[in-house]
Amino acid sequence: MTASINDVARAAGVSASTVSRALRGRAGVSDEVRDRIAAVAAQLGYTASRSASSLASGRTFTIGVVVPYVGRWFFGTVLDAAEQVFSAAGYDVLLYNLGTPETRKRFFAKLPVRKRVDAVLSLLIPDEGESAALRSLGVPLASTVGGARPGFTVVGIDDRAGAESAVRHLVNLGHRRIGTISGASGPLHWTTPVERRRAYLDVLAEAGIEHDPALEADGDYTLEGGERAMTELLAASRPPTAVFAQSDEMAMGALRALRRHRLKVPDDVSVVGFDDHELADVIGLTTVAQPVAGQGAEAARLLLRQLDEPDAEHPGHVQMPIHLVLRETTAPPRPRGPQ
């Protein structure tokens, strides 16, 4: 038999109205209770009655999600967390993977989501024209990348502060030859690599360390790109004793390159990443931890609240916490090495 909302309420030890508020992302339910209800609903296979709700509200009970690269870890993790929240509330996801300039241009020219979705979660940063096109849909909009912008609820982190903590950690250990692996060729209009590079340069200047362009390389935000970038940095006339990789995947690629060059981490080269990837703890990677899944879940909950409480005041920007996680890939430089 199909589980009912009353079944979920009894199993979770709450009222049916609390179940309804929790699964639709409404306020007035603590995170602990919301998580418990979501777990019970999933266990019992409960979903809200879409046909009855659609007739009553005129909604499609579908959320549009646009992503630049659905196959990459960061975007996949955000998408998975958001989809779980939407699914628990009885919504489907209509996914658009805009990985090439052509597909992106075609999407914003035709806007195939019009009248097909109740809200849009954008995991790419739209330019002014694209933002205007999305606002013209007249539905709630949310994102997990970039800073605050009109018409959107943006859930994100302070990229600059995170990168500063990573580079400052290397400076405090005594490193003077500090390289960086960036993602300059990342998604269109993506501000993350720009902000993290600025932080890298600012901390070097703050420490009185002269910037050396030979210590910067593009890793394309991929493991393979990180490996290529680290190999490029090692070919410099004075290679780095430490490297800040703007993502954990690039840091993992850097570690592989160092291993292939028979260099020890952190004895020969220290490495710090950014993200706290699910494998970061396994390999002992020092990194800046950000709640990737948490950002997706929070953006989804805020979209659902806007749908259920359209007249209420909603935040334009929500900043999630980050922190530096010290593990085994960073240490002071060897006294005999180049500094």
Side-chain angles (χ1 to χ4, degrees), residues 147 157-186 190-223 225-275 285-290 322-339:
I157 62 167
D158 189 333
D159 282 296
R160 182 174 294 206
E164 285 177 351
S165 69
V167 181
R168 192 170 288 120
H169 170 60
L170 297 174
V171 170
N172 291 340
L173 287 173
H175 292 279
R176 306 291 291 180
R177 297 287 295 171
I178 302 173
T180 185
I181 299 176
S182 66
S185 57
W190 210 21
T191 59
T192 295
V194 176
E195 292 299 313
R196 295 182 187 178
R197 181 177 182 270
R198 285 176 180 168
Y200 163 75
L201 296 175
D202 286 347
V203 174
L204 293 186
E206 172 189 289
I209 301 174
E210 183 177 356
H211 170 238
D212 184 352
L215 297 185
E216 290 192 71
D218 180 15
D220 192 35
Y221 274 90
T222 65
L223 190 151
E227 183 176 8
R228 289 193 305 270
M230 188 70 246
T231 301
E232 180 181 335
L233 293 179
L234 291 175
S237 59
R238 294 182 61 215
T241 63
V243 172
F244 164 52
Q246 289 189 9
S247 78
D248 283 354
E249 287 178 289
M250 292 192 292
M252 293 173 192
L255 293 174
R256 187 162 67 182
L258 290 166
R259 185 172 63 250
R260 289 185 175 181
H261 283 80
R262 298 186 178 180
L263 294 172
K264 294 182 179 179
V265 177
D267 293 349
D268 297 315
V269 182
S270 287
V271 177
V272 58
F274 200 120
D275 286 335
L285 178 64
T286 293
T287 186
V288 178
Q290 64 163 320
I322 55 174
H323 64 280
L324 182 66
V325 180
L326 301 180
R327 296 194 178 104
E328 292 83 49
T329 59
T330 53
R334 283 181 171 180
R336 66 177 181 273
Q339 297 181 39

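These values consider heavy atoms only, across backbone and side chains, with no hydrogens, waters or symmetry-generated copies.
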Given the rule in the side chain to side chain donor-acceptor pair (under 3.5 Å) test, do Gln246 and Tyr221 qualify, once you have shown the distances and angles that lead to the verdict? CA-CA 8 Å; Gln246 289 189 9; Tyr221 274 90; 2.8 Å; yes

How long is the gap from CD1 on Ile322 to CG on Asp275, to the nearest 0.5 Å? 11.0 Å

Using side-chain heavy atoms (C-beta onward) and a distance below 4.5 Å, is Arg228 in contact with Asp218? no

Only one of Val269, Asp267, Thr241 passes side chain to side chain contact (heavy atoms under 4.5 Å, CB included) with Arg334, and that residue is Asp267

Only counting residues at least two apart or in another chain, list the ones meeting side chain to side chain donor-acceptor pair (under 3.5 Å) with Thr330. His169, Thr286

For Ala214 against Ala236, the heavy-atom pair lying closest together: O-CB, 4.2 Å

Would you name the heavy atoms of Phe274 and Ile157 that are closest together and state the gap between them? CE2-CD1, 3.7 Å

What is the distance from atom CG of Leu173 to atom CZ of Arg176, rounded to the nearest 0.5 Å? 13.0 Å

Give every residue pair that meets the salt bridge (charged side-chain N to carboxylate O under 4.0 Å, His left out) criterion with at least one member in residues 161-172, sequence neighbours excluded. Arg168-Glu206

Going by the rule side-chain contact (heavy atoms from CB on, under 4.5 Å), which residues pair with Arg259 if we only count those two or more places apart in sequence or in a different chain? Arg256

Is a donor on one side and an acceptor on the other found under 3.5 Å between the side chain of Thr180 and the backbone of Phe244? yes

Please find the pair of heavy atoms, one from Asp248 and one from Thr287, that lie closest to each other, and give the distance. OD1-OG1, 2.6 Å

Is there a side-chain contact (heavy atoms from CB on, under 4.5 Å) between His261 and Met230 once you walk through the steps? CA-CA 10 Å; His261 283 80; Met230 188 70 246; over 6 Å; no

Heavy-atom closest contact (Thr329 atom, Val271 atom, distance): OG1-O, 2.6 Å

How close do Ala251 and Gly273 get, counting heavy atoms only, and between which atoms? CB-CA, 4.0 Å

Atom CD1 of Ile209 and atom CD1 of Ile178: how far apart are they, to the nearest 0.5 Å? 4.5 Å

Of all heavy-atom pairs between Ser182 and Met250, which one has the smallest distance, and what is that distance? O-SD, 3.2 Å

Donor-acceptor contact present, side-chain Ser270 to main-chain Ala331, <3.5 Å: yes

Any non-hydrogen side-chain atom of Leu234 less than 4.5 Å from a side-chain atom of Leu258? yes

Non-neighbouring partners of Glu195 that pass side-chain contact (heavy atoms from CB on, under 4.5 Å), sequence neighbours left out: Asp159, Arg160, Arg198

Taking only residues two or more places apart in sequence, or in another chain, which ones meet Glu232 in a side chain to side chain donor-acceptor pair (under 3.5 Å)? none

By side chain to side chain donor-acceptor pair (under 3.5 Å), Asp212 pairs with (sequence neighbours left out) Arg177

